[in-house]
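Start at 1 with the first residue, then count along the sequence. Nothing here was measured: the structure is a model prediction, and the numbers come from that model.
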Amino acid sequence: MANGVIIAATEWLPKLGYRKRAHLITPMVAGLSGGKMSSSVEDSKIDLLDPPEAVSKKIRKSEALPRVVENNGIIAMVEFVLLPAADLAGKKEFRVERRDDEPLIYTDIQKLKDDYTNDILTPQLLKPAAAEALTRLMAPIHKAYVESAEWQEITLKAYPPPVVKKKEKKVKDKGTRHPGANKEQDLPERPKA
């Protein structure tokens, strides 16, 4: 569908007197819950305005099978977000700290994938490193968002929180034989003789 729209825009916009527009196309990347990323599945993606705690929690809960590179959302995030962003910042590297050894430093995604397949890089090492790098990358955006009441108001209007309906309690008629019942009020009137 998207490709059809892009082709139509490329063909028709100049014919209608508009400039040809640019298109940025990224490959489909795996979500954090494995498989395709979905905006309707909250834990399959990182939102740009997620606070650092939410980013860490989502990455910690993400599916990253040991030695499996396919459909690994964390590796996809390193490949398509973290390494390119580091490159734009002037130092293309993804750093994975280890307790007892030297850190693993990746400048090439293939080396990272090879180490992951060979169990040199494990999910327990990869996840915290990805969370830290992503939090660092998103920090200026998060800071600007927190400091801007206008931005927060626009976000609330665009994405209102879900309305939780309270369940109405039904008043149960327990009859006259339960403890605490008002016997005189509940009794039917006696016919007068």
Side-chain angles (χ1 to χ4, degrees), residues 2 21-66 68-117 120-162:
R21 62 183 203 186
H23 301 276
L24 176 64
I25 302 171
T26 59
M28 293 297 287
V29 296
L32 296 177
S33 55
K36 188 178 104 172
M37 190 181 299
S38 172
S39 62
S40 61
V41 179
E42 188 60 32
D43 286 339
S44 79
K45 63 183 172 46
I46 302 288
D47 288 325
L48 196 58
L49 299 177
D50 277 347
E53 315 81 60
V55 171
S56 293
K57 183 179 178 183
K58 286 180 181 182
I59 289 179
R60 226 181 10 260
K61 289 173 53 178
S62 68
E63 186 176 310
L65 298 173
V68 178
V69 172
E70 294 78 29
N71 290 323
N72 186 318
I74 305 296
I75 291 177
M77 187 176 303
V78 172
E79 181 174 6
F80 296 108
V81 176
L82 297 174
L83 274 175
D87 192 21
L88 287 172
K91 190 173 184 182
K92 183 181 178 180
E93 73 174 30
F94 176 69
R95 188 179 193 89
V96 178
E97 295 295 334
R98 299 187 293 178
R99 280 188 215 173
D100 301 332
D101 278 328
E102 293 291 316
L104 298 171
I105 299 173
Y106 297 100
T107 58
D108 173 78
I109 193 63
Q110 192 55 52
K111 175 68 173 141
L112 183 142
K113 288 178 179 181
D114 292 343
D115 280 359
Y116 195 81
T117 303
I120 295 167
L121 176 62
T122 64
Q124 294 80 9
L125 292 171
L126 178 62
K127 286 181 179 186
E132 183 182 325
L134 196 57
T135 299
R136 202 170 42 249
L137 178 65
M138 293 169 53
I141 297 165
H142 189 260
K143 182 178 183 287
Y145 175 73
V146 168
E147 292 173 354
S148 171
E150 180 183 14
W151 196 358
Q152 292 173 32
E153 183 182 338
I154 290 169
T155 303
L156 274 176
K157 287 179 180 177
Y159 304 102

**Message:** Assess whether a salt bridge exists between Lys57 and Glu53, defined as any Lys/Arg side-chain N lying under 4.0 Å from an Asp/Glu carboxylate O.
**Reply:** no
**Item:** Glu93, CD atom: more than 12 neighbouring heavy atoms under 6.0 Å
**Value:** yes
**Prompt:** Any side-chain heavy atom of Val78 sitting closer than 4.5 Å to one from Tyr106?
**Reply:** no
**Request:** Without swapping roles, check the side chain of Lys127 against the backbone of Ile74 for a donor-acceptor pair under 3.5 Å.
**Result:** no
**Asked** With a 4.5 Å heavy-atom cut-off, do Leu156 and Pro161 have their side chains touching?
**Response** yes
**Carboxylate-amine/guanidinium contact Glu132 Arg136, below 4.0 Å** = yes
**Prompt:** Roughly how far, to the nearest 0.5 Å, is the OG1 atom of Thr107 from the CG atom of Asp87?
**Reply:** 10.0 Å
**Message:** In the structure I gave you, are the side-chain heavy atoms of Asn72 and Leu65 within less than 4.5 Å of one another anywhere?
**Reply:** no
**Taking every non-hydrogen atom, the tightest pair across Val29 and Phe80** = CG1-CD1, 3.2 Å
**Fill in**
All heavy atoms of Trp151 vs all of Tyr145, minimum pair found to be CE3-CA, 3.3 Å
**Request:** Could you tell me the separation between the CG atom of Leu134 and the CG atom of Leu137, rounded to the nearest 0.5 Å?
**Result:** 6.0 Å
**Message:** With a sphere of 6.0 Å drawn around CD of Gln110, does it hold more than 12 non-hydrogen atoms of other residues, nucleotides or ligands?
**Reply:** yes
**Prompt:** Does any non-hydrogen side-chain atom of Leu126 lie less than 4.5 Å from one of Phe94?
**Reply:** yes
**Request:** Give the C-alpha distance, both sets of side-chain angles, the deciding distance and a yes or no for side-chain contact (heavy atoms from CB on, under 4.5 Å) between Lys113 and Glu79.
**Result:** CA-CA 10 Å; Lys113 288 178 179 181; Glu79 181 174 6; 3.2 Å; yes
**Complete:** All heavy atoms of Pro52 vs all of Thr135, minimum pair found to be CB-CG2, 3.6 Å
**Chi angles and distances behind the side-chain contact (heavy atoms from CB on, under 4.5 Å) call for Leu112, Ile109** = CA-CA 5 Å; Leu112 183 142; Ile109 193 63; 4.1 Å; yes
**Request:** Say whether, by atom type as modelled, one donor and one acceptor occur between the side chain of Gln152 and the main chain of Val146 under 3.5 angstrom.
**Result:** yes
**Prompt:** Which heavy atom of Pro128 sits nearest a heavy atom of Pro123, and at what distance?
**Reply:** CD-O, 4.2 Å
**Request:** Check whether any side-chain heavy atom of Thr122 lies under 4.5 Å from a side-chain heavy atom of Leu125, and answer yes or no.
**Result:** yes
**Message:** For Arg60, give me all partners under side-chain hydrogen bond (donor to acceptor under 3.5 Å, both in side chains), at least two apart in sequence or on another chain.
**Reply:** none
**Request:** State whether Asp47 and Lys45 are salt-bridged, where the test is any N-O pair (Lys NZ or Arg NE/NH1/NH2 against Asp/Glu carboxylate O) under 4.0 Å.
**Result:** yes
**Request:** Flag the pair Val81 / Ile46 as yes when at least one side-chain heavy-atom distance between them is below 4.5 Å, and no otherwise.
**Result:** no
**Request:** List the atom of Ala76, the atom of Ala30, and the distance in Å for their closest heavy-atom pair.
**Result:** CB-N, 4.1 Å
**Interatomic spacing from NZ in Lys91 to CD1 in Ile105 - rounded to 0.5 Å** = 7.5 Å
**Request:** Supply the atom-to-atom distance Arg98 CZ to Leu104 CG, rounded to the nearest 0.5 angstrom.
**Result:** 4.0 Å
**Message:** Working to the nearest 0.5 angstrom, can you tell me the gap between Asp50 CG and His142 NE2?
**Reply:** 8.5 Å
**Message:** Less than 4.5 Å apart, side chain to side chain, heavy atoms only: is that true for Asn71 and Glu63?
**Reply:** no
**Pairwise distance NZ(Lys61) to OG(Ser44) - rounded to 0.5 angstrom** = 11.5 Å
